[in-house]
Amino acid sequence: MTSEAFDCIVIGGGHAGAEAAWAASRLGAKTALVTISRETIAKMSCNPAIGGLAKGQIVREIDALGGLMGEAIDATGIQFRMLNRSKGPAVQSPRAQADKYEYKDWIRARLESVQGLSIVEGMAAEVLVENGTVCGVLLADGRKLSAAAVILTTGTFLRGILHCGDQQWPGGRLDEPASNELSDCLRRLGLTVGRLKTGTPARLAGDTIDYVRLERQDGDQPPVPFSFITDRIDRAQVPCWITYTNPQIHQLLRDNLYRAPLYSGQIQSIGPRYCPSIETKITRFSDKERHQVFLEPEDRAGTTIYCNGISTSVPKDVQEEMIRLMAGTENARIVHYAYAIEYDYCPATQLKINLETRGINGLFLAGQINGTSGYEEAAGQGLLAGINAVRKLKRQEPLVLGRDQAYLGVMIDDLLTREIDEPYRMFTSRAEYRLSLRSDNADQRLTPIGRQIGLVDERRWRRFEAKREMKERLRAWMKSTRTAGLSVWQRLQRPDDLTAGDWRTHPEVAAMELTDEAIEAVLIEARYEGYLGRQSRQIEDFRHLENIRLPEKLDYATVPHLRFEAKEKLSAHRPHNLGQAGRIGGITPADLMVLQIHLRKWYEQRMGEIHGESTK
């Protein structure tokens, strides 16, 4: 059978795959997106929501670079909330419930509109490699696709096994087959493969719930968009609802722990610590008499309801009794039962800084295959993998975002330097420079980069420049306008002085015809100028070590005076720079000093060799 030729092949149509295919094709690569069904592209197989604490920042960064997720949720969201409004801007994060059917349809339609992108329905069985370099993909039905770059975004499909009580069956997610051949292929190619676990709660029929007995949770008015190019969201929002577990439910679960795969020994893998199952919660927090459960509509009509907070893998009869004992759901019908899923992943310490595997030239990994959890983390990796695959094809330097530039940079750096023993989830606490990495300034940080690499289109760029001009005008006015001996800029830094609202309504500010987005950005800059200045100085110190590159082929075993443990760790992780080396567990400041001395001599020797060759 003849092979169809592409520049780049993306395997998997989840959130990572959608962003990877979008980026690669938009940057000019002839791209194939291989997925079991085009109908399941960007399917929300777990929570029908986008964003959340720190995850909202990631979505804003994806959007600022020219990705899809922010626009998609603005177009299909059914409830929008800004989390942590009562706290500082560094930890405020947007979150939205989605109509999960509209969301995947929107993403698919956008992908189908891209010139140079082909959606290929089928299951990938093997990554084809010749002389250590990717050359294509073999599908299960015998078709061959050739390409010089392949991006694996396999989600939970690699040797996936679903668990519900003592029942277990192979699958990538509910009613979809597992990908066993591809998992075996990765092992044959020499990649280290581990095992992780995640889970999902039951879904209930919306018309069988007694909403009168529940606490109502409404969205923000007005809703704040995710995308920097969305003017406003005018659609009516729908409420979510809150209920609670109770001592009866907790006792029911305790009585049946021996039937829960997590406790019976049926499941051996480690699940996400920060999104535990309900049986783990009642065991770990045995003193708590109740746990909050959010009942979240999965579509605008509320046809099905996602039970956020009671993820579980206990048997069906226990799930039914648990739902019957919970206020508001006593008569609810379960549309599909909760389950846990175990799946293969490849520890990301096997990757280069561009998400390409070190052992196989042209093979990139993104999403849950790297040990992460969440749509947002997956989408961010997919976008960067798509960008870097094309940049490799064009022989360009990879796009590398630092910890000081983006949450995406923090995530990639964490994955490359930390041993993952549970699904990785992003938190604001992971970012040392979170005051500078706010959700409101993601465009300021990343849109110029997106423009430079070719992913930001003219429409987005014009909007970005207009906002920048508005901010400059307002900033100049605040610094030049004085009242009571102080400039407006200075007064905003005094918490006991006039509130921000007073300046928003000032006649001269109103006459400037500024957007709320531009005004808020400048107000934050003014209020936190002192803190931001200190953080900028910290970032400069941080960049000193980040700018000291480590040669990709440096033989750490030959570095004199370097401890044996450090040689092992550095050889395994192959850090990109000295700063990244220092974040690897077990590497000490003394090790970094030894490396710096060795690097100085190494570079002097190399320059001497080059100079000697040039004079021959």
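As the structure is a computational prediction, the values presented were derived from the model and not from experiment.
Distance CZ/R434 to CD/Q57: 10.5 Å, rounded to 0.5 Å. To the nearest 0.5 Å, atoms CZ (R574) and OG1 (T349) are separated by 13.0 Å. Here L68 contributes atom CG and S227 contributes atom OG; the two are 10.0 Å apart, rounded to the nearest 0.5 Å. The structure places CZ of F464 at 7.0 Å from CD of Q444, a figure rounded to the nearest 0.5 Å. Separation of atoms CG (L437) and CD (E432) is listed at 9.0 Å; rounding is to 0.5 Å. The NZ atom of K43 lies 13.0 Å from the CZ atom of R108; values are rounded to the nearest 0.5 Å.
At least one test fails for K567 against the ring of Y556: distance under 6.0 Å to the centre or angle within 45° of the axis. Taking the ring axis of Y424 as reference, the NZ or CZ atom of R430 stays within 45° of it and closer than 6.0 Å to the ring centre.
Within 6.0 Å of atom CD in E458, more than 12 heavy atoms from other residues, nucleotides or ligands are found, so the atom counts as buried in its surroundings. Atom OH of Y531 has 12 or fewer neighbouring heavy atoms from other residues, nucleotides or ligands inside a 6.0 Å radius. Residue-environment remark: CZ (R549) stays at or below the threshold of 12 foreign heavy atoms within 6.0 Å.
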Practice item. Before giving the answer on side-chain contact (heavy atoms from CB on, under 4.5 Å), spell out for I353 and Q580 the whole-Å C-alpha distance, their side-chain angles and the decisive distance to 0.1 Å. Key: CA-CA 10 Å; I353 196 75; Q580 195 175 75; 3.3 Å; yes
Point to revise | Chi angles and distances behind the salt bridge (Lys or Arg N to Asp or Glu O under 4.0 Å) call for E61, R445 | key: CA-CA 8 Å; E61 291 176 354; R445 293 183 278 117; 2.9 Å; yes
Practice item. Starting from the C-alpha separation in whole Å, work towards a yes-or-no answer on salt bridge (Lys or Arg N to Asp or Glu O under 4.0 Å) for R543 and E540. Key: CA-CA 5 Å; R543 284 178 178 165; E540 286 305 311; 3.3 Å; yes
Review point. Can you list the steps and then say if D414 with R583 is a salt bridge (Lys or Arg N to Asp or Glu O under 4.0 Å)?
Key: CA-CA 8 Å; D414 282 351; R583 292 187 289 276; over 6 Å; no
Review point. Is there a side-chain contact (heavy atoms from CB on, under 4.5 Å) between I11 and I9 once you walk through the steps?
Key: CA-CA 6 Å; I11 298 177; I9 299 170; 4.2 Å; yes
Point to revise | Full working for side-chain contact (heavy atoms from CB on, under 4.5 Å) between L550 and L578 | key: CA-CA 6 Å; L550 290 169; L578 204 60; 4.2 Å; yes
Practice item. With side-chain contact (heavy atoms from CB on, under 4.5 Å) as the test, would you mind laying out the steps for I369 and L186 before giving the verdict? Key: CA-CA 11 Å; I369 192 173; L186 297 181; 4.1 Å; yes
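With E4 contributing its side chain and L145 its backbone, the two residues share no donor-acceptor pair below 3.5 Å. Side chain of R425 to backbone of S373: no donor-acceptor contact under 3.5 angstrom is found. In this structure a side-chain-to-backbone donor-acceptor pair under 3.5 Å is present from T153 to G12. The main-chain N or O of K352 is never found under 3.5 Å from a side-chain atom of R358 such that the two would form a donor-acceptor pair. Proximity of a side-chain donor or acceptor of N388 to a complementary backbone N or O of L399 within less than 3.5 Å is detected. The backbone N or O of F226 sits less than 3.5 Å from a side-chain atom of R60, completing a donor-acceptor pair. Side-chain atoms of S113 come within 3.5 Å of backbone atoms of R110 as a donor-acceptor pair (strictly under, hydrogens ignored). Within the 3.5 Å criterion, the main-chain N or O of G136 finds no donor-acceptor partner in the side chain of K144.
For W106 and Y103, the gap between ring centers reaches or exceeds 6.0 Å.
A salt bridge does not link E465 to R462: none of the charged side-chain nitrogens sits closer than 4.0 Å to a carboxylate oxygen. Under 4.0 Å is where a charged nitrogen must lie from a carboxylate oxygen, and between D63 and R460 at least one such pair does. Using a 4.0 Å cut-off between charged nitrogen and carboxylate oxygen, R463 and D231 count as a salt-bridge pair. The residues D457 and R459 are annotated as not salt-bridged, no charged nitrogen and carboxylate oxygen being separated by less than 4.0 angstrom. Ionic pairing of E377 and K55 is present here: one or more N-O contacts between side-chain nitrogen and carboxylate oxygen are shorter than 4.0 angstrom. In summary, D344 and R187 engage in a salt bridge, as defined by a charged side-chain N under 4.0 Å from a carboxylate O. The residues E181 and R159 are annotated as not salt-bridged, no charged nitrogen and carboxylate oxygen being separated by less than 4.0 angstrom.
Considering every non-hydrogen atom in both V137 and A124, the closest pair reads CG1-CB, 3.9 Å. The two residues F228 and A64 have their closest heavy-atom pair at CE1-CB, 4.2 Å. Taking each heavy atom of Q381 and L415 in turn, the nearest pair found is OE1-CD1, 3.9 Å. F157 and I36 make their closest contact through CE2-CD1, 3.8 Å (heavy atoms, listed as atom of the first residue, atom of the second, distance). Here the closest non-hydrogen pair linking G367 and T372 is O-OG1, 3.1 Å. Nearest heavy atom pair, residue K392 against residue F364, reads CD-CZ, 3.9 Å.
Looking at D591 and R563, their side chains come closer than 4.5 Å, going by heavy atoms from C-beta outward. Inter-residue side-chain proximity for L408 and I58 is flagged as met; some heavy-atom pair is nearer than 4.5 Å. Residues Q350 and T357 fail the side-chain proximity criterion, which asks for heavy atoms closer than 4.5 Å. Counting heavy atoms from C-beta on, the side chains of T447 and W461 come closer than 4.5 Å. Side-chain contact between P423 and Q368: absent, with no pair of heavy atoms (C-beta onward) separated by less than 4.5 Å. In this structure the side chain of R143 reaches within 4.5 angstrom of the side chain of V120, judged on heavy atoms. Between D404 and S436 there is no side-chain heavy-atom pair separated by less than 4.5 Å. Inter-residue side-chain proximity for I412 and L401 is flagged as unmet; no heavy-atom pair is nearer than 4.5 Å.
For the residue pair Q92 / S439, no side-chain donor-acceptor distance below 3.5 Å is found, with atom types taken as modelled. A side-chain donor-acceptor contact under 3.5 Å links E419 and H573.
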